[in-house]
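Note sheet for the following structure.
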Amino acid sequence: PEANKSYTYEDCKATADWLLAQTDVRPTVGVVCGSGLGGLADMLKDQVAFNYKDIPDFPQSTVHGHAGRLVFGTMKGRPCVCMQGRFHLYEGYPIQKITLPIRIFKLLGVETVILTNAAGGLNQDFKVGDVMIIKDHLNMPGFAGNNPLSGPNDERFGVRFPCMSDAYDRELQQLAWDVGHELGYGEFLKEGVYCVVGGPSFETIAETRMLHKLGADAVGMSTAHEVIVARHCGMRVFALSLITNQAVMDYDSQEKANHEEVLETGKQRGKQLERLVSTMVTRIEHN
Ligand code: 6GU
């Protein structure tokens, strides 16, 4: 059954080769666009785009705010591939399927992965509209045994027990700070720990308080699984969260988390986020 299907190296290779046969773009950077942040993919020049439904073995995007296209092209001259819309645990896909595109990135030749997401702020110093450079994560589904690397390990991707203490590339974090300051974004640029939960329900007040106590600065429903798979197969990772709302931590609060607010903040900060990421892309060095 679907829930037990593992995607083999050969499956990933077949899909990657299918894609490579239809475009001359040879991407070294792969970007995953979060909720309401798909504008990043629209920046690509000389686009070759595939709807997810037309790609063999690919899942479909079911969430409003996620387009469902894989877009190849160049960002200021650099060959890139962008996922315009990603997959989440709460859509009901097995976790290996959610992260399948990351392995396809690897087999397309991608060396650096940039992930973006919308997240709720837990750190009380954060404001809506802040951009958090992710320096580490808490993988809650992973503690419950839902890790994308569960199951047989294929050494062609990576080792059985991959290290995660260096998951978020320090140089790329520094690059984000440098570019952010140059662009005048210092005011809303932050850094912190991202916590992934399964969703789709937002957190209760007790859950939010728990995550805050555990050291999380922001909470969301994506990204950490993709980071694990990307690091397993040796790609460099940079990730950021757009703080689209403050997670409710107080019984007196009248605030209620909702998806519309998430998309609205994305619209307001989207252009600046696109500039930050695209400028970073032009400065990433590959061997
Ligand atoms: Cl408050 N929680 C979660 N889990 N994901 C979010 C969020 C909150 N805000 C945006 N994404």
Side-chain angles (χ1 to χ4, degrees), residues 32-40 61-67 83-93 95 98-99 114-144 146-148 188-228 239-270 272-273 277:
V32 180
C33 305
S35 290
L37 302 172
L40 259 171
S61 269
T62 65
V63 197
H64 177 61
H66 284 271
M83 282 183 76
Q84 203 169 30
R86 63 144 63 81
F87 310 109
H88 307 82
L89 270 177
Y90 61 76
E91 291 174 86
Y93 296 118
I95 196 161
I98 291 166
T99 52
I114 299 179
L115 303 137
T116 68
N117 64 55
L122 297 167
N123 185 320
Q124 296 304 290
D125 296 335
F126 289 1
K127 296 188 198 58
V128 169
D130 280 352
V131 172
M132 182 183 90
I133 296 168
I134 302 179
K135 64 175 186 188
D136 205 347
H137 73 221
L138 289 169
N139 175 16
M140 302 308 272
F143 289 145
N146 206 356
N147 186 300
F188 61 83
L189 208 53
K190 305 284 162 70
E191 65 176 15
V193 174
Y194 175 84
C195 177
V196 61
V197 296
S201 48
F202 290 113
E203 297 67 42
T204 64
I205 292 170
E207 287 166 346
T208 301
R209 289 180 172 191
M210 178 190 80
L211 299 179
H212 181 245
K213 276 201 180 127
L214 292 179
D217 295 297
V219 56
M221 306 173 192
S222 68
T223 306
H225 333 297
E226 295 155 330
V227 170
I228 291 167
L240 58 77
S241 291
L242 174 62
I243 306 300
T244 53
N245 55 290
Q246 273 293 357
V248 178
M249 227 181 294
D250 186 346
Y251 289 102
D252 294 331
S253 170
Q254 299 301 311
E255 299 285 322
K256 290 186 183 185
N258 65 84
H259 191 54
E260 288 63 42
E261 179 181 40
V262 170
L263 296 182
E264 182 55 33
T265 309
K267 253 184 231 159
Q268 288 171 11
R269 200 57 102 192
Q272 286 160 311
L273 227 137
V277 172

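Indexing begins at 1, ligand by ligand and atom by atom, following the structure's order.
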Task: Proximity winner for atom 10 (C) of ligand 1, if only heavy atoms of Thr265, Asn117, Leu122, Asn245 are counted - done: Asn245
Task: Val193 vs Leu122 side-chain heavy atoms within contact, under 4.5 Å - done: no
Open item on the list: How long is the straight-line distance from NE2 of His88 back to CD1 of Ile98, given to the nearest 0.5 Å?
Closed with: 8.5 Å
Task: Test of proximity, Ala247 against ligand 1: N or O pairs below 3.5 Å - done: no
Task: 4.5 Å side-chain heavy-atom contact, Gln124 and Met249 - done: yes
Task: Residue portion contacting ligand 1 (non-hydrogen atoms closer than 4.0 Å) for Thr244 - done: side chain
- [ ] Give a yes or no on this: more than 12 heavy atoms of other residues, nucleotides or ligands lie within 6.0 Å of atom CD of Glu255.
- [x] no
Open item on the list: Below a 4.0 angstrom heavy-atom separation, can you tell me which part of Ala119, side chain or backbone, both or neither, approaches ligand 1?
Closed with: backbone
Task: Nearest protein heavy atom with distance in Å, relative to atom 2 (N) of ligand 1 - done: Glu203 OE1, 2.7 Å
- [ ] Examine ligand 1 and decide if any of its atoms is less than 4.0 Å from a heavy atom belonging to Gly199.
- [x] no
Open item on the list: Which residue and atom name correspond to the protein heavy atom nearest atom 11 (N) of ligand 1, and how close is it?
Closed with: Ala118 O, 3.5 Å
Task: Given Ile134, Thr223, Leu240, the one that forms side chain to side chain contact (heavy atoms under 4.5 Å, CB included) with Leu115 - done: Thr223
